[in-house]
Amino acid sequence: DAGVTQSPTHLIKTRGQHVTLRCSPISGHKSVSWYQQVLGQGPQFIFQYYEKEERGRGNFPDRFSARQFPNYSSELNVNALLLGDSALYLCASSLRQAGGIDEQFFGPGTRLTVL
Amino acid sequence: GDSVTQMEGPVTLSEEAFLTINCTYTATGYPSLFWYVQYPGEGLQLLLKATKADDKGSNKGFEATYRKETTSFHLEKGSVQVSDSAVYFCALSDRTNFGNEKLTFGTGTRLTIIP
């Protein structure tokens, strides 16, 4: 079975531009979360979506937005890019079973460089 | 808010040495605790987890025990191998409005094993 897939793998943008990152969860997984990992740091939570609704939001500005589609894939959008947005953007999916602890499965990430 | 503090790296050990990577946490409730590993050029992989006090998570020779009294979740391995070289992240789960999905990560510890 395919794992979590993300596209593109790498992306170079300039300040002020807009970017869209895409994520396809593992088949059957209905929850998708996005994380930002700045070089040398741990991932920071950006959003969680479940059943196409936002279920959690981290401490990120409104320039960051996301959505989940009927097939449970997801897009992360970042407007008015800043140099500080350069990072590895990770997508994770989980089953969201009732009760218990869901393991989150991470994709390989999209490396965004803002010049 | 929730936070995770882990041992500063990098850590360099000889093959077959004993490994300890310290991790302590701050949380308002009763979080679940995780260790993730990130190999070069790859996404995060769950290494082990523990969901309540005194639980011991284990996988691939690695172990960590959930110590509520010391708010710690130290990672240990009795005999490391070159293939264990990676970045290790301690993390806790924070119950969002709809389940345990948000992960709060430490800054990561880079481990290098020398043959």
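Below, chain A is the first sequence line, B the second, and so on; all start at residue 1. Hydrogens, waters and symmetry mates play no part in the numbers below; they use all other heavy atoms, side chains included.
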Original post:
Looking at B:Q38, B:Q45, B:E42, which makes the most heavy-atom pairs under 4.5 Å with chain A?
Top reply: B:Q38

Subject >> Residues in residues 66-75 of chain A near chain B [non-hydrogen atoms, under 4.5 Å] >> reply: none

Original post:
By a 4.5 Å heavy-atom criterion (distance strictly below it), what part of A:Q6 contacts chain B: side chain, backbone, both, or neither?
Top reply: neither

**OP:** Select all residues of residues 106-115 of chain A having any heavy atom within less than 4.5 Å of some heavy atom of chain B, and report them by number, or 'none'.
**Re:** A:F106, A:G107, A:P108

**OP:** Tabulate, in ascending numerical order, the residues of residues 103-115 of chain B having at least one heavy atom closer than 4.5 Å to a heavy atom of chain A, or enter 'none'.
**Re:** B:L103, B:F105, B:G106, B:T107

Original post:
Hey, quick one: are A:L21 and A:V78 part of the same hydrophobic cluster, counting side-chain heavy atoms closer than 4.5 Å, chains of contacts allowed?
Top reply: yes

Original post:
Relative to chain B, which segment of A:F105 carries a heavy atom at a distance below 4.5 Å: side chain, backbone, both, or neither?
Top reply: neither

Original post:
For chain A, which residues of residues 3-15 of chain B have at least one non-hydrogen atom nearer than 4.5 Å to it?
Top reply: none

**OP:** Answer yes or no: is there a side-chain heavy-atom contact under 4.5 Å between B:L46 and A:Q104?
**Re:** no

Subject >> Atom CZ of A:R63 with >12 non-hydrogen neighbours under 6.0 angstrom >> reply: yes

Original post:
Should A:P43 and B:F89 count as side-chain neighbours, where that means a heavy-atom distance under 4.5 Å?
Top reply: yes

Original post:
Closest heavy-atom contact between B:L48 and B:G57?
Top reply: CD2-O, 3.7 Å

Original post:
Does atom CD of A:Q44 have more than 12 heavy-atom neighbours, drawn from other residues, nucleotides or ligands, at distances under 6.0 Å?
Top reply: no

**OP:** For atom CD of B:Q81, decide whether the heavy atoms of other residues, nucleotides or ligands shown that lie under 6.0 angstrom number more than 12.
**Re:** yes

**OP:** Indicate yes or no: at least one non-hydrogen side-chain atom of B:Y66 is less than 4.5 angstrom from one of B:P31.
**Re:** yes

**OP:** Using the ring-ring contact (aromatic ring centres under 6.0 Å, His included) rule, pick out the option among A:F64, A:Y89, A:F45, A:F60 that qualifies with A:Y35.
**Re:** A:F45

**OP:** Please report the shortest heavy-atom distance between A:S93 and A:I26, naming the atom on each side.
**Re:** OG-N, 3.4 Å

Subject >> Pairwise distance CD(A:Q36) to OG(A:S86) - rounded to 0.5 angstrom >> reply: 9.0 Å

Original post:
Taking all atoms of both residues into account, what is the closest heavy-atom pair of B:Y39 and B:S83, and its distance?
Top reply: CE2-O, 3.6 Å

Original post:
Are any of the side-chain heavy atoms of A:L81 and A:T14 separated by less than 4.5 Å?
Top reply: no

**OP:** Locate the shortest heavy-atom distance separating B:L44 from A:L90; write the atom from each residue and the value.
**Re:** CD1-CD1, 4.1 Å

**OP:** Apply side-chain contact (heavy atoms from CB on, under 4.5 Å) to the pair B:K102 and A:Q48, showing each step before the final yes or no.
**Re:** CA-CA 7 Å; B:K102 174 187 174 183; A:Q48 181 210 338; 5.9 Å; no

Subject >> Side chains of A:H29 and A:S31, donor plus acceptor under 3.5 Å >> reply: no

Subject >> Heavy atoms from other residues, nucleotides or ligands near NZ of B:K68 exceed 12 (cutoff 6.0 Å) >> reply: no

Subject >> Side-chain donor or acceptor of B:S32 paired with backbone N/O of B:S93 under 3.5 Å >> reply: no

